[in-house]
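Throughout, numbering of the chain's residues begins at 1 and tracks the sequence. Only this structure's heavy atoms are used, side chains among them; waters, hydrogens and symmetry mates stay out.
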Amino acid sequence: LGRRERGFVATREDYVAYEQLRSQLLRGRAGAAAMKAGGIVWRLAKDVVRIRDVLDGPSSRADWAGQSVDSERGMHLVDDALDSTELELICGVYRIETGHRVQVGEASWWPQQKTWRGSGVYHGQWTADNEAWFQSRLEKIRLEEAVPMKPGAWKELLRQNHKIIPRIIESTEASCRVWARSVVRGYVFVAGCG
């Protein structure tokens, strides 16, 4: 969302402008990739992106700017991927001057994907508790009771069972890949299996 001067305080109008930019991005190729990313990125995309767009398969851009999703029987499969700039826009990241020469800090409306995935609230799927938290945060933003938060504040807020959850997710995703290969040939693996 760009660079802001030291002391920047976001308003409801800033959030509305962010939502418009995010929606514009998600209505393009990035939308399907965001839906397949899972986690907070999936939740931020789900009200904008049509399922039909996700099921259309990878764009032609995936061949040179996508991610490798599998390699089986000599076939190399790719799918669209989000770059760091797109992930930051989806999560509403601002770069804020610190007042120390050229240093800038970050603050975002929503936790960044890497923070979400590393937290104890990410269980490989979106839960009812995740949705309740999301709706509560959204309401607070709209009432101007919540502002963008720094990465450390997000980590602290989302810290729950942070050591065991990533291992559970890794194991679950590995099992999903094995199941998908054995049951549904041609299946393209989506993070979190759903």
So does Arg95 get a backbone contact from the side chain of Glu106, meaning a donor-acceptor N/O pair under 3.5 Å? no
Tell me the closest heavy-atom pair linking Gln112 and Cys91, and the distance in Å. CA-SG, 3.8 Å
When rounded to the nearest 0.5 angstrom, what is the spacing between CZ in Phe134 and NZ in Lys46? 8.5 Å
Which atom pairs, donor and acceptor, lie under 3.5 Å between side-chain atoms of residues 20-27 and protein residues at least two apart or in another chain?
residue : atom : partner : partner atom : Å
Arg22   : NH1  : Tyr18   : OH           : 2.8
Ser23   : OG   : Glu19   : O            : 3.0

Scan side-chain atoms only and decide if Glu131 and Gln135 contain a donor-acceptor pair under the 3.5 Å cut-off. yes
Where do Arg137 and Lys140 land on the side chain to side chain contact (heavy atoms under 4.5 Å, CB included) test, with the steps shown first? CA-CA 5 Å; Arg137 168 87 180 153; Lys140 287 177 182 175; 5.7 Å; no
Is it true that Trp154 and Val9 fall in one hydrophobic cluster, defined by side-chain heavy atoms closer than 4.5 Å? no
Hey, quick one: are Trp116 and Val93 part of the same hydrophobic cluster, counting side-chain heavy atoms closer than 4.5 Å, chains of contacts allowed? no
Could you walk me through whether Glu156 and Arg159 pass the salt bridge (charged side-chain N to carboxylate O under 4.0 Å, His left out) check? CA-CA 5 Å; Glu156 188 62 35; Arg159 187 178 311 218; 3.4 Å; yes
Centroid-centroid under 6.0 Å between Trp126 and Trp133 rings: no
Under a single-linkage definition using a 4.5 Å side-chain heavy-atom cutoff for Ile, Leu, Val, Met, Phe, Trp and Tyr, are Val16 and Trp109 assigned to the same hydrophobic cluster? no
Of the non-hydrogen atoms in Ala10 and Val147, which two are nearest, and what is the gap between them? O-CG1, 4.3 Å
Under 3.5 Å, side chain of Thr98 to main-chain N/O of Val104, donor-acceptor pair present? no
Step by step, would you call Leu158 with Thr115 a side chain to side chain contact (heavy atoms under 4.5 Å, CB included)? CA-CA 8 Å; Leu158 300 175; Thr115 303; 4.3 Å; yes
How far apart are the closest heavy atoms of Asn130 and Gln125, and which atoms are they? OD1-O, 3.6 Å
With rounding to the nearest 0.5 Å, note down the distance linking OG in Ser119 to CD1 in Ile40. 9.5 Å
I want to know whether Trp42 and Trp110 have ring centres closer than 6.0 Å. no
Does the side chain to side chain contact (heavy atoms under 4.5 Å, CB included) test come out yes or no for Ile141 and Glu145, once each step is laid out? CA-CA 6 Å; Ile141 291 169; Glu145 295 173 5; over 6 Å; no
Taking all non-hydrogen atoms of both residues into account, name the closest pair between Glu86 and Leu82 and its distance. OE1-CA, 3.3 Å
